[in-house]
Chemist: 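Have a look at the structure that comes next, please.
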Amino acid sequence: MALHAPVNNQQSQIHRLNLHHRTQIQLRNLYFNIPISQSRGTLRSRSISHPLLLRKCVSEKISGSFDSDSGRNYASEPPEIPQQNNVSFVEVLKKSNSFLPHVTLASTLLALVFPPSFTWFTNRYYAPALGFLMFAVGVNSSEKDFLEAFKRPTAILAGYIGQFLVKPLLGYIFGIISVAIFGLPTPVGAGIMLVSCVSGAQLSNYATFLTDPPMAPLSIVMTSLSTATAVFITPLLSLLLIGKRLPVDVKGMVSSILQIVVTPVAAGLLLNRFFPRICDAIRPFLPPLSVLVTACCVGAPLAINIESVMSPFGLTILLLIIAFHSTAFVAGYFLTGMVFHKTPDVKALQRTLSYETGSSSSLLALALANRFFQDPLVGVPPAISTVIMSLMGFSLVMVWAKRKE
């Protein structure tokens with residue numbers, strides 16, 4: 001037993017030397033933070049460099065364990081609770097607008113493959129459908145938004161110029177190209193020009209609402225003004241471009257504005273003003289219903305006019321209509337940027353005027369073609385324009401919404 005005692009003492013001394021050596025190493029490399037305050041869940045810290053504090057902290061650290069996290073003050077930190085991403089049914093309904101481009105494309109393919117799926121949605125349903133979309137815009141707006149829109153007469157004038165100057169000029173150019181370069185019949189060129197002569201489309205208001213909600217009242221004012229004056233401007237433009245004066249039903253145009261724009265928007269504003277609880281209850285259900293209504297407004301014209309679209313000139317007309325609307329969307333965007341480059345909300349205004357310039361009331365052009373032109377080929381470009389304009393507009397909604405995010 002006596003022989004083993006020095007060995008035990010020697011081992012004890014070696015253990016103490018190793019412990020002291022490791023402590024010296026930790027003192028040399030010691031640089032840790034002690035939390036001193038918390039603000040909104042963000043931990044702020046201060047480096048400790050005083051020798052006494054270091055000695056105290058090291059002694060506490062040696063008395064515990066040599067774990068690397070022992071310098072953290074767990075008492076001052078709240079326990080971490082894993083966050084759970086619980087998505088409610090209401091949130092899913094509110095985000096239904098993000099699926100609008102996909103639903104629009106699906107409705108287009110379905111109308112091509114199985115036209116009877118949309119042929120039931122005849123012309124008598126268009127006014128109520130567009131009115132519903134305007135009602136959704138009114139519910140999510142206030143009367144102050146429209147008063148602010150009227151305080152921007154320069155922007156309203158720019159939208160009017162885009163509708164009845166830039167777009168008709170592009171329509172005339174592409175109408176001439178269709179006949180002179182592609183060798184299409186003259187009625188096809190007249191149909192392209194006719195699309196450019198009509199007023200703006202209400203779908204541009206809804207697209208603006210999806211991309212820039214504060215700009216929706218301004219878009220509605222622009223479209224309403226162009227629609228109200230189309231009873232005089234459209235016949236004049238058709239006479240200049242096509243050589244035929246198209247009499248437009250003034251009473252019918254005024255009735256259309258009242259049914260599709262004024263009454264639904266006013267009803268939404270009044271409901272939001274005097275019955276806010278009802279608006280809060282129905283507001284989550286408006287996006288999915290609006291998506292379904294928009295899909296019907298896109299698929300039905302294609303399904304009803306499928307024979308015209310599939311005509312021998314259908315593919316060439318399709319490419320020309322795509323080029324026409326693409327150029328109009330781009331022109332509206334960049335011309336607005338050049339004129340209003342000093343405006344604080346220039347990007348939102350560019351998107352709004354792009355929708356206004358690139359969109360046309362193709363259904364009105366189709367009705368005028370069927371009523372005042374004997375050749376059915378005049379109605380082919382408006383029928384294709386109804387589909388292409390909607391697809392391109394809502395594709396821009398998807399692209400610009402992602403860029404904003």
Side-chain angles (χ1 to χ4, degrees), residues 87-100 124-153 155-156 159 199-229 251-297 344-345 348-349 351-352 355-356 359 361 393-394 397 401 404:
V87 181
S88 63
F89 178 69
V90 175
E91 292 297 325
V92 173
L93 292 178
K94 291 180 179 179
K95 295 180 180 180
S96 299
N97 287 329
S98 60
F99 298 101
L100 185 59
R124 63 179 179 177
Y125 294 113
Y126 284 114
L130 295 176
F132 174 78
L133 296 180
M134 292 298 98
F135 172 77
V137 175
V139 167
N140 290 277
S141 304
S142 65
E143 60 274 10
K144 294 181 180 179
D145 298 330
F146 286 89
L147 293 177
E148 291 295 326
F150 282 105
K151 294 180 180 179
R152 308 186 69 169
I156 296 174
S199 59
Q202 278 73 32
L203 285 178
S204 65
N205 307 147
Y206 188 60
T208 302
F209 170 72
L210 296 177
T211 309
D212 301 283
M215 287 291 179
L218 180 63
S219 177
I220 292 175
V221 172
M222 293 177 183
T223 306
S224 300
L225 180 62
S226 65
T227 305
T229 57
K251 183 178 179 180
M253 292 290 288
V254 174
S255 176
S256 177
I257 296 174
L258 291 175
Q259 292 179 13
I260 297 176
V261 180
V262 178
T263 302
V265 171
L269 291 175
L270 292 175
L271 192 66
N272 192 19
R273 177 70 174 82
F274 296 103
F275 303 97
R277 293 185 178 179
I278 297 179
C279 285
D280 293 338
I282 66 174
R283 194 174 283 118
F285 298 95
L286 294 179
L289 292 176
S290 299
V291 170
L292 294 176
V293 169
T294 304
C296 292
C297 291
D345 56 349
L349 189 60
R351 291 188 286 263
T352 301
Y355 289 134
E356 291 299 317
S359 302
S361 183
F394 289 120
V397 169
K404 289 181 64 178

Chemist: Please round to the nearest 0.5 Å and tell me the distance separating atom OG of Ser224 and atom CG of Asn205.
Modeler: 6.5 Å

Chemist: Between the side chains of Asp280 and Arg277, is the shortest nitrogen-to-carboxylate-oxygen separation below 4.0 Å, so that they form an ion pair?
Modeler: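 Between Asp280 and Arg277 there is no salt bridge, as every charged N stays at least 4.0 Å from the carboxylate O atoms.
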
Chemist: Just by modelled atom types, is the Ala201 backbone N or O under 3.5 Å from a matching donor or acceptor in the Ser204 side chain?
Modeler: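 A pair under 3.5 Å: yes.
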
Chemist: If you take all heavy atoms of Phe150 and Pro153, which pair is closest and at what distance?
Modeler: O-CD, 4.1 Å

Chemist: In Å and rounded to the nearest 0.5 Å, what is the CZ to CG distance from Arg152 to Asp345?
Modeler: 4.5 Å

Chemist: Given 3.5 Å as the limit, does a donor-acceptor pair link the side chain of Asn272 with the main chain of Gly138, or not?
Modeler: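 Absent.
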
Chemist: What residues form a side chain to side chain donor-acceptor pair (under 3.5 Å) with Lys151, not counting sequence neighbours?
Modeler: Glu148

Chemist: Looking at every heavy atom in both Met222 and Ala155, which two are closest together, and how far apart are they?
Modeler: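 Looks like CE-O, 3.2 Å.
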
Chemist: Would a 4.5 Å heavy-atom cut-off, applied to side chains only, mark Ser290 and Phe132 as touching?
Modeler: yes

Chemist: CG of Leu130 to OH of Tyr125: how many Å apart, nearest 0.5 Å?
Modeler: 15.0 Å

Chemist: Answer whether the closest heavy-atom distance between the side chains of Glu356 and Leu218 falls below 4.5 Å.
Modeler: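 Counting from C-beta outward, Glu356 and Leu218 never come under 4.5 Å.
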
Chemist: Nearest 0.5 Å, please: how far is CG in Leu269 from NZ in Lys144?
Modeler: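 Rounded to the nearest 0.5 Å, the NZ-CG separation comes to 13.0 Å.
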
Chemist: What's the spacing between Ile220 CD1 and Tyr206 OH if we round to 0.5 Å?
Modeler: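 Taking CD1 in Ile220 and OH in Tyr206, the distance rounds to 12.0 Å.
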
Chemist: For Ala216 versus Thr208, what's the shortest heavy-atom pair and its separation?
Modeler: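 What the structure gives for the nearest pair is N-CG2, 3.9 Å.
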
Chemist: Indicate the atoms forming the closest heavy-atom contact of Pro217 with Ser141, along with that distance.
Modeler: CG-OG, 4.5 Å

Chemist: Between CD1 of Ile156 and OG of Ser219, what distance do you get to the nearest 0.5 Å?
Modeler: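 With rounding to 0.5 Å, CD1 (Ile156) is 11.0 Å from OG (Ser219).
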
Chemist: Between Thr223, Leu225, Thr229, which is the residue that forms a side-chain contact (heavy atoms from CB on, under 4.5 Å) with Thr227?
Modeler: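 Of Thr223, Leu225, Thr229, side-chain contact (heavy atoms from CB on, under 4.5 Å) with Thr227 is met by Thr223 alone.
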
Chemist: Applying side chain to side chain donor-acceptor pair (under 3.5 Å), can you list everything that pairs with Thr263, at least two apart in sequence or on another chain?
Modeler: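 Residues passing side chain to side chain donor-acceptor pair (under 3.5 Å) with Thr263: none at all.
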
Chemist: Once side chain to side chain donor-acceptor pair (under 3.5 Å) is applied, do any residues pair with Thr294, and if so which ones, sequence neighbours excluded?
Modeler: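 Here no residue qualifies.
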
Chemist: Please report the closest heavy-atom contact between Asp212 and Ala348, naming both atoms and the distance.
Modeler: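 Smallest heavy-atom distance, with atoms named: OD1-CB, 3.7 Å.
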
